[in-house]
Amino acid sequence: MNRLSPEEIRERGAAFPRERAAKKEKTLEDLPLSERGAVKLRFAPNPSGPLHLGHARAAVLNDEYAKRYEGDLILRFEDTDPRRVDPEAYEMIREDLRWLDVDWSEEVLQSSRFDLYYRYADELLGMGAAYVCTCPPESFKRHRDAGKGCPCRDKKTGHEEFEKMFNEYREGEAVLRLKTDLSHRNLSMRDFPIMRIVERPHPIAGDRRVYPLMNLSVAVDDHELGLTHVLRGKDHILNTHKQTFIFDLFGWEKPQYIHYGLLKIEGVMLSTSETGQGIKDGRYTGWDDVRLGTLAALRRRGIQADAVRRTMVEVGAKPTDISFSWKNLYAMNKELIDPHAKRYSFVESPKTLTIRGCPEKVVKNPLHPVSDMGFREIRLPEGEVRLLIGKEDFSARAEGDVIRLMGAYNVRISSKDQSGMEGVFHSMELEEARRMKAPLINWVVAGEDVPVKVLSPEGERHGAAEKALLHAGKDEVVQFERYGFVRIEDKNGAVVAVFAHR
RNA sequence: GCUCCGGUAGUGUAGCACGGCCAAUCAUAUCGGACUUUCAAUCCGAUGACUCGGGUUCAAAUCCCGACCGGAGCACCA
């Protein structure tokens, strides 16, 4: 994916001014125990790839609350697993957030705080609340499931053993465990691990081998950073229990935890790791492949960041699982772009239509039916005229039909074969066409057409657009009449347009 | 299986903590009409939901119990 500057992102994404106010905005529920100016939140992605629709929910909701309460939002990269860090992802995530108009006041890399986690681990060791466990996993589980401590639990040499994790034990041979309740009804709560060995340097922090597990690093940071509220998916509920256990050990004041439900998104690949794999073996063209649910793909298609934001705000932070609806997102997006999108004629998989007996006609169609954006002008000569019409319009018409060429005149189809149709001029006036219930069809002058490649999630389409399309700017979102909204991606050579929705 | 959570129209959402004003809100979707040189937008109209069963109560979407359905977690990932 190309690297974009913040300015470019704004241009590309926020092509249109944000229009709120227009309608009553759905707003979020109040946060519990919150005070204006005192709220501190965080968005904490794992930098293994760019953000997708699922992340957008957490990002937007946190940002909305931070803004509402004039609080702070911290961007915290949870990069404590060296195997799951893509160094490129940090900047991709920042780009996505800037596009979403998410403002963060502080950025934290957990990979720059390992010493802090070691210190707290030491402290837990000193408190007798943690121990180094060298049992094979199966053996530990046997003891745990029986409600008993493993043999390592009562070792007196905690600090020395911990030392050995840094220079002696190999990966998989030892972990640091927290002493919890061995009779806890949830097995995974019993003496859960907080540090482990990974014999691999960290892509950012370099030479390390002892890494904290999230429940330690997250608890430490949520406390150290003074968070008042933690907004996260319900898949983290058990982690919340584990983390509050650590808060209690240290006697820290806990933030308010809010868990929202699953966001089921149909028809699109969201898994970051699978997508990354797919890019590697060529199934996807990149993180912004139009078939993906990444924010990069959405903005490439001309989906406005504000449409994503509004959708997420409407969905809210309740614990119920919800089915994300593309239709609702598209409707929201259309509301934003329709007032600004210039109209152009485009015909897919075109067929020719040759008309005889035409009077000269200068067609002057507005670039927008409502807003005053100027016109596009086409001169149709007297006599014979050759046009291109879309394949669908072509197959829907039969000999003898009368059609209205939008902005021009009415034509009777005189013959039709595989390659095209022929027709004769019938009449000029729109009223006449209405009287005959003739369908309105858009067209492009053959020979003056611009070839267009349309990239859509359903595949690649080819067609022709009127020449005036060349006046549209790169990255501009326009509407192909009777076809749908697209973002103009490339104008060098054949035009490439990325399809958003109808 | 165990632990926890949740179930309002096709989809999303309001209402549920303090039961009556809820024959249930708003948006979107679908259908129909008006307008219109786009199958867009706009305007008008229609369709459509409290998962089920018991209980408490004069009164339940709202409280209680059970069933059913859905989900999450049960890692040396986050």
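Chain A is the first sequence line, chain B the second, and so forth, proteins listed ahead of strands; every chain is numbered from 1.
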Under a 3.5 Å limit on both distances, the Watson-Crick or wobble mate of G48(B) is none
Could you work out the separation of G33(B) and U11(B) based on their C1' atoms and round it to a whole Å?
25 Å
To the nearest angstrom, how far is Met406(A) atom CE from C39(B) atom C1'?
10 Å
For the backbone of His501(A) and the side chain of Arg301(A), can you confirm whether one donor and one acceptor N or O come within less than 3.5 Å of each other?
no
Please work out whether the ring planes of Phe162(A) and Phe166(A) are parallel, tilted or perpendicular, with thresholds of 30° and 60°.
perpendicular
Using the C1' atoms only, state how far C16(B) lies from G7(B), rounded to an integer number of Å.
13 Å
Any salt bridge linking Asp222(A) with Lys254(A)? Criterion: basic side-chain nitrogen under 4.0 Å from a carboxylate oxygen.
no
Expressed as a whole number of Å, how far does the C1' atom of G45(B) sit from that of U8(B)?
24 Å
Please give the nucleotide sitting opposite A23(B) as a Watson-Crick or G-U wobble pair, both distances under 3.5 Å, or none.
none
I'd like to know if Arg343(A) reaches the base of U38(B) with its side chain such that a donor and an acceptor end up less than 3.5 angstrom apart.
yes
Considering only atom P, compute the distance from C31(B) to A40(B) and round it to an integer number of Å.
11 Å
Sugar-phosphate, base or nothing in reach of Arg404(A), heavy atoms under 4.0 Å
base
Starting from the 5' end of RNA chain B, give me the residue, Ser325(A) or Asn365(A), whose nearest nucleotide shows up first.
Ser325(A)
Is it true that Arg144(A) and Asp191(A) make a salt bridge, defined as a side-chain N closer than 4.0 Å to a carboxylate O?
no
Does G70(B) have a Watson-Crick or wobble mate here (both distances under 3.5 Å), and if so which one?
C5(B)
Nucleotide of U38(B), C4(B), G12(B) approaching Arg185(A) most closely (side-chain heavy atoms):
C4(B)
Under 3.5 Å, is there a donor-acceptor pair linking the side chains of Gln479(A) and Tyr344(A)?
no
Phosphate contact (C39(B) OP1 or OP2) by Arg502(A) side-chain N/O below 4.0 Å:
no
Donor-acceptor contact below 3.5 Å, side chain Arg76(A) vs main chain Leu225(A)
no
Rounded distance in Å - CD (Glu314(A)) to P (U11(B))
14 Å
What is the distance, rounded to the nearest whole Å, between atom CZ of Arg57(A) and atom P of G12(B)?
11 Å
Residue Lys334(A), side-chain atoms from C-beta onward, closest of U13(B), U36(B), A40(B)
A40(B)
Mark up nucleotides 68-78 of chain B, 5' to 3', with B wherever a protein heavy atom is under 4.0 angstrom from a base atom, S wherever such an atom reaches only the sugar-phosphate, and - elsewhere.
---BSSS-BBB
Quick one: look up who A75(B) pairs with, Watson-Crick or G-U, both distances under 3.5 Å, and put none if it's unpaired.
none
In the structure shown, which nucleotide is the Watson-Crick or G-U wobble counterpart of U28(B), with both distances under 3.5 Å?
G10(B)
Whole-Å gap separating C1' (C2(B)) and CE (Met189(A)):
15 Å
Under 3.5 Å, is there a donor-acceptor pair between the Glu224(A) and Tyr120(A) side chains?
yes
May I ask you to decide if Asp207(A)'s main-chain N or O and Arg209(A)'s side chain share a donor-acceptor pair within less than 3.5 Å?
no
Given the structure, check if the side chain of Asn328(A) and the base of U11(B) hold any donor-acceptor pair shorter than 3.5 Å.
yes
Spell out, as yes or no, whether a donor-acceptor pair under 3.5 Å connects the side chain of Ser371(A) to the backbone of Met373(A).
no
Assigned partner base of U57(B), Watson-Crick or wobble definition, under 3.5 Å
none
For Asn333(A), which contact category applies under a 4.0 Å heavy-atom criterion: base, sugar-phosphate, or nothing?
nothing
Interatomic distance at P, C50(B) relative to A24(B), whole Å
11 Å
For A34(B) and U38(B), measure between their P atoms and round to the nearest Å.
15 Å
Does any nucleotide pair with C16(B) by Watson-Crick or G-U wobble geometry, both distances under 3.5 Å, and what is it?
none
Just the rounded figure in Å: distance from P of U38(B) to CG of Asp338(A).
12 Å
Between C1' on U36(B) and CZ on Arg482(A), what's the gap in Å once rounded to a whole number?
15 Å
In whole Å, I'd like the distance from the NE2 atom of His184(A) to the P atom of U3(B).
11 Å
Separation of U3(B) atom C1' from Asp181(A) atom CG, nearest Å, is 14 Å
Taking the same atom, C1', in G54(B) and in G71(B), what whole-Å distance lies between them?
26 Å
So Trp326(A) and Tyr330(A), would you call those rings parallel, tilted or perpendicular, with 30° and 60° as cut-offs?
tilted
A46(B): syn or anti, with syn meaning chi within 90° of zero?
anti
Of all the choices, G12(B), U38(B), G6(B), which nucleotide is nearest to the side chain of Thr320(A) once you look at every atom?
G6(B)
Looking only at side-chain atoms of Asp393(A), point me to the closest of A29(B), C39(B), G6(B).
C39(B)
Pairwise P distance, C21(B) and U62(B) [rounded to whole Å]:
13 Å
Checking N1-N3 plus N6-O4 or O6-N4 for Watson-Crick, or N1-O2 and O6-N3 for wobble, each under 3.5 Å, the partner of A41(B) is none
Compare side-chain N and O positions of Lys318(A) against OP1 and OP2 of A14(B) and report whether any pair is under 4.0 Å apart.
yes
